[in-house]
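Within every chain, numbering begins at 1; the chains are lettered A, B, ... in the order of the sequence lines, protein sequences first and strands thereafter. FYI, side chains are in, hydrogens and waters are out, and symmetry mates aren't considered; it's all heavy atoms of this structure.
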Amino acid sequence: MTTKRITRDALLTAIALTIFMVEAQLPALAPVPGMKLGLANIVTVWALFTLGPLDALMILLGRILLGAVFAGQLMALIYSLAGGLLCFLVTLLLRRVLTARQIFIAGIFGAMAHNTGQLIAATLVLKSLAVWYYCPLLLLSGIVTGAFTGLAAQYLHARLAKSGSS
Amino acid sequence: MKTKHFLAVIALIALACLGALIVLRLRSAGVIANIYQDGTCIRSVDLSKVAAPETFTVTDKNGHENVVSVEPGRICVARANCPDQVCVHEGWVSGGTRPIVCLPAKLVIRLEDKSAAPGADAPDAVVG
Ligand SMILES: [Zn+2]
């Protein structure tokens with residue numbers, strides 16, 4: 001790993017963490033456990049498509065671990081990890097078949113995977129299937145928020161590719 | 001794969017979710033409110049037999065507190081010391097399949113057909 005690469009990934013982790021922490025301060029969108037915008041995923045999706053899986057995974061894990069430390073909630077780490085890793089896996093698989101103009105699709109499926117991962121984690125924590133009542137609502141909100149974050153990542157990818165920097 | 005194929009799949013998922021949403025909203029559940037903590041039912045209240053409003057506190061060993069309010073036919077978490085307050089914002093639940101969930105306290109309140117409290121055949125036995 002070159003110094004340039006470490007510095008760049010650290011900067012991206014800091015950006016993702018900042019977005020994550022700001023979003024955590026916003027009031028909940030709806031009285032639904034786990035529903036949120038997931039804006040920090042813009043960085044993960046962009047990094048996955050532009051820099052590759054290893055950098056994206058390190059930025060994601062760095063953001064999740066530091067986010068849990070800064071938020072002071074260790075329990076939230078379980079949900080973040082379950083959602084973040086399932087989202088990462090789905091985005092990684094889609095990367096093989098998607099072009100640069102279809103990145104928003106990865107955002108949509110990634111967000112749905114994220115919310116599904118959180119439901120699985122919540123099921124294990126609560127030892128109850130009750131949270132699956134929110135599954136349709138969480139998938140629908142995932143489509144909307146995922147399209148937004150995916151499009152943001154897609155435009156970022158296009159702009160930075162054009163300006164020749166990454 | 002073309003973009004429109006992906007969009008068709010997404011549209012199908014969205015339609016299925018909308019259908020499920022409507023079914024879940026319309027379906028009615030029982031009138032027995034079962035309160036689960038960490039997966040086990042610790043109390044159950046027959047909402048059809050609640051005469052006067054009542055409040056009780058559910059605590060766990062980690063210091064979580066959920067103040068549950070019961071009125072004839074409905075139940076809610078009135079106050080809680082969890083950071084997200086999602087359980088409080090869920091408000092009153094009556095008759096439907098919507099659960100009240102407090103993730104930090106591992107608390108679930110569901111309306112069901114019969115009491116899930118241990119050794120309680122008749123829900124009357126554990127009311128109040
Ligand atoms: Zn709560």
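- Taking a 6.0 Å sphere around CZ of A/F20, one finds it holds more than 12 heavy atoms contributed by other residues, nucleotides or ligands.
- Atom CD1 of A/I143 and atom SG of B/C17 lie 6.0 Å apart (nearest 0.5 Å).
- Both A/F49 and A/L151 sit in one connected hydrophobic cluster of ILVMFWY residues. Membership requires side-chain heavy atoms under 4.5 Å apart, directly or through other members.
- Neither A/L60 nor A/Y79 shares a network with the other; the hydrophobic side chains, linked directly or stepwise wherever heavy atoms of I, L, V, M, F, W or Y lie under 4.5 Å apart, form separate groups for each.
- Closest approach of B/P99 and A/Y134 over heavy atoms only: O-OH, 3.3 Å.
- When heavy atoms are compared at a cutoff of 4.5 Å, B/V88 does not approach chain A at all.
- Linking ILVMFWY side-chain heavy atoms closer than 4.5 Å, directly or via other members, places A/L85 and A/V45 in two distinct hydrophobic clusters.
- Proximity to chain B is limited to the side chain of A/I105, based on heavy atoms less than 4.5 angstrom apart.
- Shown here for B/C102 and A/L126, the closest heavy-atom pair between the two residues is O-CD2, 4.1 Å.
- For chain A, the nearby part of B/L107 is the backbone; its heavy atoms alone come within less than 4.5 Å.
- Side-chain contact between A/V125 and B/L103 is absent, with no heavy atoms from C-beta onward closer than 4.5 Å.
- Rounded to the nearest 0.5 Å, atoms OH (A/Y133) and CG (B/L24) are 5.5 Å apart.
- Of all residues spanning residues 88-104 of chain A, those with a heavy atom less than 4.5 Å away from chain B's heavy atoms are A/L94, A/V97, A/L98, A/Q102, A/F104, arranged by number.
- Rounded to the nearest 0.5 Å, atoms CG (A/L140) and CD1 (B/I13) are 10.0 Å apart.
- Between chain A and the options B/L7, B/L21, B/V9, heavy-atom pairs under 4.5 Å are most frequent for B/L21.
- Of the two parts of B/P83, only the side chain, counted from C-beta on, holds a non-hydrogen atom closer than 4.5 Å to a non-hydrogen atom of chain A.
- The shortest heavy-atom contact between B/D38 and A/K127 is OD1-NZ, 2.6 Å.
- For A/Y155, the OH atom counts as loosely surrounded, since its 6.0 Å shell holds 12 or fewer non-hydrogen atoms of other residues, nucleotides or ligands.
- A/L39 and A/L156 end up in the same hydrophobic cluster when Ile, Leu, Val, Met, Phe, Trp and Tyr side chains are linked at under 4.5 Å.
- Following chains of ILVMFWY side-chain contacts shorter than 4.5 Å, one can reach B/V45 starting from B/V77, so the two form part of one hydrophobic cluster.
- Here the side chains of B/R110 and A/S128 are in contact, with some heavy-atom distance below 4.5 Å.
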